[in-house]
Amino acid sequence: MKTTRSKPQLTTDDGSNHRVSKTHAKTNNKTNSTVSKKEAQSKPLSLAPLSDMRPATLEKIEKAVRQLFAGHDASDITMIQIANAANVSLQTLYKYFGDKQTVLYTIMDLVLGRLAARMMDHLQGIDSVEDRLRKTLWVCLDFVDTQPDAVMVLSKVSIARFHNIAIYKNKELINAFLSVLEDGQKRGVLVDTVPLHILFDVFMGFVSRLGIMQNIRQADTPLNANFDVLFGMLWRSMSKPEISVP
């Protein structure tokens, strides 16, 4: 009777396992290294505070931004063009802003910040809701008349990107204006059948449309030259029907 011997099973030697482990380790290290590099690249660079920049330099950059973006499509503007127009180094722009979009949004925030401060100042000491709205509209239309380039630049900012301009999230400014509208509703002067934000949108929509079309039409006559008529139109749209028209 023959005895059948089972064939020995093939096994992987320790050396082979070691080589496979080393290969996997190298692959993992490369993958981790690639991920780390991508993560490092995606992290925002640390920018120098704008307060460190000389006022004269910032003024030149603002002037360049307003001129370039008012006359050209935003996608066509480069950091080099901004640097050349402002007569500053490209390194300076990257040091304080980092990219083109941040240059644009930061400069427009400064421009609108000055407008906001002026509006707040003009609201002081006025009790009448009508007079406060009148003064606010006058300041806004004066901005359109005296700074048309800034209006054109703002018209090219996508609505979805407005949140990148810090002044639009300034609670102090927004609340100050909303308080005027709220006071008007409580006094029975302004329409109170809609939320406050609707009244706010009516006012801002009125100013925005006038400002953009004033520039597109290249009108010679300033908006404030017809201020009383314009305010009468706005007031009728926001006040209760029984309130007398100014």
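Sequence positions, counted from 1, serve as the residue numbers for this chain.
Within the 3.5 Å criterion, the main-chain N or O of G211 finds a donor-acceptor partner in the side chain of N215.
The shortest side-chain heavy-atom distance between L196 and Q185 falls under the 4.5 Å cut-off. Side-chain contact between V111 and E62 is present, with heavy atoms from C-beta onward closer than 4.5 Å. Between L141 and L230 there is a side-chain heavy-atom pair separated by less than 4.5 Å. Side-chain contact between L93 and V88 is present, with at least one heavy-atom pair separated by less than 4.5 Å. At a threshold of 4.5 Å between non-hydrogen side-chain atoms, the residues T78 and K100 do not count as touching. Looking at heavy atoms from C-beta onward, F200 lies out of side-chain contact with V180 at the 4.5 angstrom threshold.
With hydrogens and angles left out, the side-chain atoms of D109 and T106 include no donor and acceptor closer than 3.5 Å.
Among residue pairs with one or both ends in residues 72-97, none qualify as salt bridge (charged side-chain N to carboxylate O under 4.0 Å, His left out); sequence neighbours excluded.
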Please lay out, stage by stage, how L47 and Y96 fare under the test side-chain contact (heavy atoms from CB on, under 4.5 Å). CA-CA 5 Å; L47 301 177; Y96 289 96; over 6 Å; no
Run the side-chain contact (heavy atoms from CB on, under 4.5 Å) test on I82 and V65 for me, step by step, so that the C-alpha distance in whole Å, both residues' side-chain angles and the decisive distance to 0.1 Å come before the verdict. CA-CA 7 Å; I82 298 173; V65 166; 4.3 Å; yes
Check against side-chain contact (heavy atoms from CB on, under 4.5 Å), L234 and L133: CA-CA 9 Å; L234 178 64; L133 283 179; 5.9 Å; no
Might you work through the side-chain contact (heavy atoms from CB on, under 4.5 Å) test for F97 and T92, ending with a clear yes or no? CA-CA 8 Å; F97 302 100; T92 296; over 6 Å; no
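For the pair E59 and R66, the salt-bridge criterion is not met [side-chain N within less than 4.0 Å of a carboxylate O]. A salt bridge links D228 with R134: the distance from a Lys NZ or Arg NE/NH1/NH2 to an Asp or Glu carboxylate oxygen falls below 4.0 Å. Ion pairing of K186 with D192 is absent here, as no side-chain N (NZ or NE/NH1/NH2) approaches a carboxylate O to less than 4.0 Å.
Qualifying side chain to side chain donor-acceptor pair (under 3.5 Å) partners for D183, counting only residues two or more places apart in sequence or in other chains: R132, R187. In this structure V207 satisfies the side chain to side chain contact (heavy atoms under 4.5 Å, CB included) test together with L137, C140, F203, sequence neighbours excluded.
Linking ILVMFWY residues whenever their side-chain heavy atoms come closer than 4.5 Å, directly or via other members, places M119 and L110 in the same cluster.
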